[in-house]
Amino acid sequence: RELDPNEYTSWNAKYETAATYIGEDRDDRIAKTAELVEDRMDCVGFTAIEDKLQDGVPETIELLLRAGIKVWVITGDKLETAI
């Protein structure tokens, strides 16, 4: 779905408040705020990796997570290759 500018502005203000909160429940506040916008979304991309992670993949996953993008890693055969 696409957010209209007013919806994004309203949500972003709430997110900034949660992200800059100083306290033990900061992570919970961020997660709850993210959930406000993370519904009725369409997947826009997928990727696959075989066995060993390629150079830069762990860092890329970390950056995506820091940006608030949910990342799912699905493995089919070996626990050793799962993240």
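A distance of 11.0 Å separates CZ in Arg66 from CD in Glu59, rounded to the nearest 0.5 Å. Expressed to the nearest 0.5 Å, how far OG1 of Thr60 lies from CG of Asp55 amounts to 10.5 Å.
Other members of the hydrophobic cluster containing Trp11, listed by chain and number, are Leu3, Tyr8, Tyr15, Ile30, Leu36, Val37; membership follows side-chain contacts under 4.5 Å among ILVMFWY residues, whether direct or relayed.
Shown here are the side chain to side chain donor-acceptor pair (under 3.5 Å) partners of Asn6, two or more places apart in sequence or in another chain: there are none. Judged as a side-chain contact (heavy atoms from CB on, under 4.5 Å), and not counting sequence neighbours, the contacts of Asp25 are Tyr21, Asp28, Arg29.
Residues Leu65 and Ile69 share a hydrophobic cluster, clusters being chains of Ile/Leu/Val/Met/Phe/Trp/Tyr side chains in contact below 4.5 Å.
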